[in-house]
Amino acid sequence: MISLSIFTDSFLSNKSAKVFVAGHRGLVGSAIVRKLLSLGFTNLLLRTHAELDLTRQSDVESFFAAEKPKYVILAAAKVGGIHANNTYPADFIAVNLQIQTNVIDSSYRHGVKKIIFLGSSCIYPKFAPQPIPENALLSGPLEPTNEWYAVAKISGIKMCQAYRIQHKFDAISAMPTNLYGPNDNFHPENSHVLPALIRRFHEAKVQGAKQVVVWGTGSPLREFLHVDDLADAVVFLMEKYSGLEHVNVGSGKEVTIKELAELVKEVVGFEGELVWDSSKPDGTPRKLMDSSKLANLGWSPNVSLKDGLVDTYKWYLENSKQ
């Protein structure tokens with residue numbers, strides 16, 4: 001059941017209200033801060049991990065009691081790739097559960113008007129139908145490599161739903177697809193496919209390499225959303241949506257890994273050859289989210305993949321240690 005917010009005192013009419021953006025230095029949080037500032041919000045509450053440890057219940061309670069934010073955007077999380085999830089499963093489940101429980105509960109207890117909880121497309125079963133609709137949640141087993149993180153994120157969705165049902169608390173959840181953009185992680189070992197490709201093509205270009213070898217056949221289909229589009233969707237949902245069910249946030253556009261690699265090669269300006277090592281695994285053949293619910297509410301993305309890659313590579317050049 002889709003329900004639109006009926007509050008006259010809306011998010012966008014409250015630009016002087018205190019808005020706590022948890023996780024403001026990450027890929028998602030930093031984009032949300034940029035978006036809110038561009039819209040004229042004047043009272044953002046921002047705390048680094050050193051200033052406020054969201055895993056400590058008493059510290060979070062004290063912060064909410066002192067600051068009394070009106071709105072909360074929960075973009076803080078412990079994130080990582082397959083290797084990190086396999087190595088630190090206890091951290092991925094415990095830290096994320098602690099952050100979510102502390103922030104959502106304190107938000108309710110201290111009179112927050114509305115909170116949005118941000119998750120990830122990895123909440124869905126490994127063999128979910130494609131494109132993945134919201135109701136695929138909990139319909140089958142998870143991908144074992146990141147189930148610790150996924151279980152925590154699913155618990156966050158369920159916690160928002162439970163507080164809405166029991167306390168009539170306006171808690172909503174949004175699940176983005178694969179994100180990219182400024183402040184992404186370009187680490188050579190544990191970054192995601194898109195920033196990894198940008199870094200590899202850039203380093204090959206700088207070193208004058210003749211070729212770049214990419215794993216697999218290039219045939220898997222993936223979906224990418226620029227993080228500025230996600231920030232725009234978050235503001236849209238804070239303004240327009242007050243439903244029980246979580247909302248998928250995707251671009252709705254698929255690209256093969258081969259097309260993606262060729263586009264990155266073009267944007268970076270690597271003149272050498274792109275070689276596919278088909279002896280290496282491809283991974284899941286297709287992963288696309290069904291974002292028709294959000295589209296039906298009236299939101300659509302603005303940043304094309306090409307423009308987004310140009311923007312992201314520009315940020316990488318300005319911020320990398322090359």
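Throughout, numbering of the chain's residues begins at 1 and tracks the sequence.
For the atom pair CE of Met238 and CD1 of Ile32, the computed distance is 9.5 Å after rounding to the nearest 0.5 Å. Thr256 OG1 to Arg222 CZ: the interatomic distance, rounded to the nearest 0.5 Å, is 10.5 Å. Note that the CG atom of Leu263 and the CZ atom of Phe201 stand 10.5 Å from one another [nearest 0.5 Å]. The structure places CG of Leu194 at 7.0 Å from OG1 of Thr312, a figure rounded to the nearest 0.5 Å.
In this structure, Arg34 pairs ionically with Asp228, as a charged nitrogen and a carboxylate oxygen lie closer than 4.0 Å. Salt bridge Asp232/Lys35: present, at least one basic N to carboxylate O contact under 4.0 Å. Taking a cutoff of 4.0 Å between a charged side-chain nitrogen and a carboxylate oxygen, Glu254 and Lys287 do not qualify as a salt bridge.
At most 12 non-hydrogen atoms from other residues, nucleotides or ligands lie less than 6.0 angstrom from NZ of Lys253. Summarising the local packing, OH of Tyr163 is surrounded by more than 12 heavy atoms from other residues, nucleotides or ligands at distances under 6.0 Å. Other residues, nucleotides and ligands contribute at most 12 non-hydrogen atoms within 6.0 Å of the CH2 atom of Trp215. The neighbour count for Gln57 CD, taken as heavy atoms of other residues, nucleotides or ligands under 6.0 Å away, does not exceed 12. No more than 12 heavy atoms of other residues, nucleotides or ligands lie within 6.0 Å of CH2 in Trp148, so this atom counts as exposed by the packing criterion. By the neighbour-count criterion of 12 heavy atoms within 6.0 Å, atom NZ of Lys314 is sparsely surrounded, having that number or fewer from other residues, nucleotides or ligands. Crowding of Arg286 atom CZ: a count of heavy atoms from other residues, nucleotides or ligands under 6.0 Å exceeding 12. Heavy atoms from other residues, nucleotides or ligands lying under 6.0 Å from CD of Glu271 number 12 at most.
Under a cutoff of 6.0 Å and an axis angle of 45°, Lys205 and Phe270 do not form a cation-pi pair.
Residues Tyr316 and His202 have side chains that never bring a donor and an acceptor to within less than 3.5 angstrom of each other. With no hydrogens or angles considered, no side-chain donor-acceptor pair links Asn85 and Thr145 at under 3.5 Å. In the model, Glu67 has no side-chain atom that pairs as donor or acceptor with a side-chain atom of His110 under 3.5 Å. In summary, the side chains of His226 and Asp311 do present a donor paired with an acceptor at a separation below 3.5 Å, with no hydrogens or angles considered.
Connection of Tyr149 to Phe117 is established within a shared hydrophobic cluster, with ILVMFWY side chains joined at heavy-atom distances below 4.5 Å, either directly or through further cluster members. Put simply, Ile157 and Leu237 are part of two different groups of oily side chains (I, L, V, M, F, W, Y) that touch within less than 4.5 Å, one to the next. Put simply, Leu37 and Val234 are part of the same group of oily side chains (I, L, V, M, F, W, Y) that touch within less than 4.5 Å, one to the next. Taking hydrophobic clusters as Ile, Leu, Val, Met, Phe, Trp and Tyr residues chained together by side-chain heavy-atom distances below 4.5 Å, Ile99 does not share a cluster with Val33.
Sorted by first and then second residue, the ring-ring contact (aromatic ring centres under 6.0 Å, His included) pairs with a member in residues 14-38 read Phe20-Phe63, Phe20-Phe64; sequence neighbours excluded.
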Could you walk me through whether Thr217 and Asp282 pass side chain to side chain donor-acceptor pair (under 3.5 Å), step by step? CA-CA 7 Å; Thr217 64; Asp282 263 336; 2.7 Å; yes
One pair to check against salt bridge (Lys or Arg N to Asp or Glu O under 4.0 Å): Arg56 and Asp53. What are the steps and the verdict? CA-CA 6 Å; Arg56 298 178 63 91; Asp53 183 347; 5.0 Å; no
Begin with the C-alpha distance, continue with both residues' side-chain angles, and end with the deciding distance and a verdict on salt bridge (Lys or Arg N to Asp or Glu O under 4.0 Å) for Lys210 and Glu273. CA-CA 6 Å; Lys210 294 280 192 290; Glu273 187 185 3; over 6 Å; no
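Qualifying side-chain hydrogen bond (donor to acceptor under 3.5 Å, both in side chains) partners for Thr42, counting only residues two or more places apart in sequence or in other chains: none.
A 4.5 Å side-chain heavy-atom check between Ile172 and Asp170 finds at least one atom pair inside the cut-off. Looking at Ile116 and Tyr241, their side chains never come closer than 4.5 Å, going by heavy atoms from C-beta outward.
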